[in-house]
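What follows is a single structure, written as structure tokens, with notes after it.
By convention in this document, chain letters (A, B, ...) are assigned in the order of the sequence lines, proteins followed by strands, and residues within each chain are numbered from 1.
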2 protein chains.
Amino acid sequence: MSPKPLSGAKSAPQKSAQQTEKSLDLRALQRTPGFMLRLAQLKFFEGFYEEFAALGLTPATYAIFAVIRDNPGVPPSSLAGLLRLRLPNLIKILNELESSGFIKRNRSKSDRRAVELMLTPKGAKLIAEGARLTEPYNRKMLAPLSEAEQRTLLELLNRMLPF
Amino acid sequence: MSPKPLSGAKSAPQKSAQQTEKSLDLRALQRTPGFMLRLAQLKFFEGFYEEFAALGLTPATYAIFAVIRDNPGVPPSSLAGLLRLRLPNLIKILNELESSGFIKRNRSKSDRRAVELMLTPKGAKLIAEGARLTEPYNRKMLAPLSEAEQRTLLELLNRMLPF
DNA sequence: TATTGTTATACTCTATAACTATA
DNA sequence: TATAGTTATAGAGTATAACAATA
């Protein structure tokens, strides 16, 4: 199947005047996976802020909470590597989450340099509430695709990445 | 560029609380399209900077050049809407591209507020050189997928978005 | 000496308000 | 008055360097 045609076809050779947004030739960018991925990611992030604003969750904090929930004791360095955040930038977020009472830092007994991250009950409650919004949010974002296509998209993204 | 495994890869077994990066449970995030899209986009952008650094192109300037090339006379407002950039941020980039001699601004005859953007020969040459790198770059980024899967991914992304 | 976490800081990207010149 | 473009500026997000504590 070929990429969906534009809302307006390429306007013939050239009018010397300006183009309106609807009649632009965007085919080159539509065939550019990096550009389309950026637009898709923007759509998801904008939708996320709308959907999760009431809980105060951002895409970054949602991911942080989810990883700590599923991996209690995970150290900041692993978390940073996984989420593709630089450690100093993650530390700033962790400081806020800890001072707000959502997470707790324990020093490892076996290596006192290491930190073990845990959710507090307050943090666990927050991510549980967030998780309840996740399915309808994803469904809304992926609405133009059938359920089979949604699964295919997710599978292809996973295969593209070194997980 | 991939998150490097922590060097603590000693054969010593881990304590119950400590998680190494390799043994983390990431299934929740792997099932989260927004997170996977972010990782995929990061991969494409990092690869882009490596591949196009010699030309001085960034993902943003590449897209700007491509749209002006295919739509000479396009106004900044349409370009911004299309690329999901705020107009003031686009203007800054356009100022640099113009003072470097890659693009030209013409005032519209019919509406003297409006600006028509064009590539200079220097700009046309640059995007032509960039376009030659595009196919091998995309192939490299999408290497884990078959060609049919690459087409499917692109089609699904296009269908997800309001083009 | 090397590693984990942390602080400080700079740079890029993005967002908002206000100004200009035309309409 | 409204619109296209522009400027100035503030805020996120992201990057590197250096330090403290521990190994």
Side-chain angles (χ1 to χ4, degrees), chain A residues 17-21 38-39 41-42 45-46 48-49 53 56-64 73-99 103-117, chain B residues 1 3-10 12 14-15 17-21 38-39 41-42 45-46 48-49 53 56 58-61 63-64 73-99 103-117:
Chain A
Q18 69 240 32
Q19 306 277 345
T20 75
E21 202 162 333
R38 175 176 175 270
L39 290 191
Q41 200 233 325
L42 276 173
F45 271 36
E46 288 166 5
F48 188 98
Y49 282 106
L57 285 170
T58 66
T61 55
Y62 182 96
I64 290 169
V74 62
S77 53
S78 296
L79 189 52
L82 171 58
L83 302 183
R84 313 291 317 248
L85 298 172
R86 299 286 161 154
L87 196 44
N89 301 324
L90 173 62
I91 295 290
K92 274 191 293 190
I93 302 175
L94 294 180
N95 288 345
E96 290 166 13
L97 295 182
E98 187 176 35
S99 65
I103 66 168
K104 197 166 54 105
R105 279 189 250 222
N106 290 330
R107 283 282 162 185
S108 164
K109 304 285 189 188
S110 54
D111 183 343
R112 298 253 276 274
R113 294 171 303 184
V115 164
E116 297 169 352
L117 298 170
Chain B
M1 278 301 153
K4 78 169 161 196
L6 297 194
S7 63
K10 315 124 182 141
Q14 57 203 23
K15 308 282 275 191
Q18 283 271 24
Q19 304 280 347
T20 73
E21 203 162 333
R38 175 175 175 269
L39 290 191
Q41 200 232 327
L42 276 173
F45 270 36
E46 288 167 6
F48 188 98
Y49 281 106
T58 67
T61 55
I64 290 168
V74 61
S77 52
S78 297
L79 190 51
L82 171 58
L83 303 183
R84 312 292 315 250
L85 298 172
R86 300 284 161 155
L87 197 44
N89 301 323
L90 173 62
I91 296 290
K92 274 190 295 189
I93 302 175
L94 293 178
N95 288 345
E96 291 166 13
L97 295 181
E98 186 176 36
S99 65
I103 66 168
K104 199 167 50 110
R105 277 188 251 223
N106 290 331
R107 284 281 162 186
S108 165
K109 304 285 188 188
S110 53
D111 182 345
R112 297 255 273 274
R113 297 171 299 182
V115 164
E116 298 168 351
L117 298 170

Interface polar pairs with nucleotides 21-23 of chain C, N/O, under 3.5 angstrom:
residue : atom : partner : partner atom : Å
C/dA23  : OP1  : B/R112  : N            : 3.0

Please give, in whole Å, the distance from [N] [atom2] to [X] [atom1]?
{"X": "B/F45", "N": "D/dT14", "atom1": "CZ", "atom2": "C1'", "answer": "14 Å"}
{"X": "A/R84", "N": "D/dG13", "atom1": "CZ", "atom2": "C1'", "answer": "15 Å"}
{"X": "B/E96", "N": "C/dC13", "atom1": "CD", "atom2": "C1'", "answer": "12 Å"}
{"X": "B/L87", "N": "C/dA18", "atom1": "CG", "atom2": "C1'", "answer": "14 Å"}
{"X": "A/N106", "N": "C/dG5", "atom1": "CG", "atom2": "P", "answer": "13 Å"}
{"X": "A/N89", "N": "C/dT7", "atom1": "CG", "atom2": "P", "answer": "13 Å"}
{"X": "A/I91", "N": "D/dA21", "atom1": "CD1", "atom2": "C1'", "answer": "14 Å"}
{"X": "A/R86", "N": "D/dT14", "atom1": "CZ", "atom2": "P", "answer": "11 Å"}

What distance separates [X] [atom1] from [Y] [atom2], expressed to the nearest 0.5 Å?
{"X": "B/R107", "Y": "B/R112", "atom1": "CZ", "atom2": "CZ", "value": "9.5 Å"}
{"X": "A/S77", "Y": "A/L82", "atom1": "OG", "atom2": "CG", "value": "11.0 Å"}
{"X": "B/F45", "Y": "A/Q41", "atom1": "CZ", "atom2": "CD", "value": "8.5 Å"}
{"X": "B/R86", "Y": "B/K92", "atom1": "CZ", "atom2": "NZ", "value": "13.5 Å"}
{"X": "A/R84", "Y": "A/L90", "atom1": "CZ", "atom2": "CG", "value": "14.0 Å"}

First of A/E98 and A/E46 reached from the 5' end of DNA chain C, by closest nucleotide: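 Result of the comparison: A/E98.
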base_contact_polar (D/dT14 base, A/K92 side chain, donor-acceptor, <3.5 Å):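 When only heavy-atom distances are counted, A/K92 does reach the base of D/dT14 through a donor-acceptor pair under 3.5 Å.
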Under 4.0 angstrom between B/N95 side-chain N/O and D/dG5 OP1 or OP2: no
Distance test, side-chain N/O of A/S77 to OP1/OP2 of C/dG5, below 4.0 Å: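 A/S77 to C/dG5 OP1/OP2: side-chain N or O found under 4.0 Å.
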Test applied, side chain to side chain contact (heavy atoms under 4.5 Å, CB included); reference residue, B/I103; option that passes from B/I93, B/T61, B/L94, B/I64: B/L94
Sugar-phosphate, base or nothing in reach of B/P76, heavy atoms under 4.0 Å: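 Result for B/P76 = sugar-phosphate.
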Whether B/E98 side chain and B/R105 backbone form a donor-acceptor pair below 3.5 Å: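 Indeed, once roles are kept as given, a pair shorter than 3.5 Å links the two residues.
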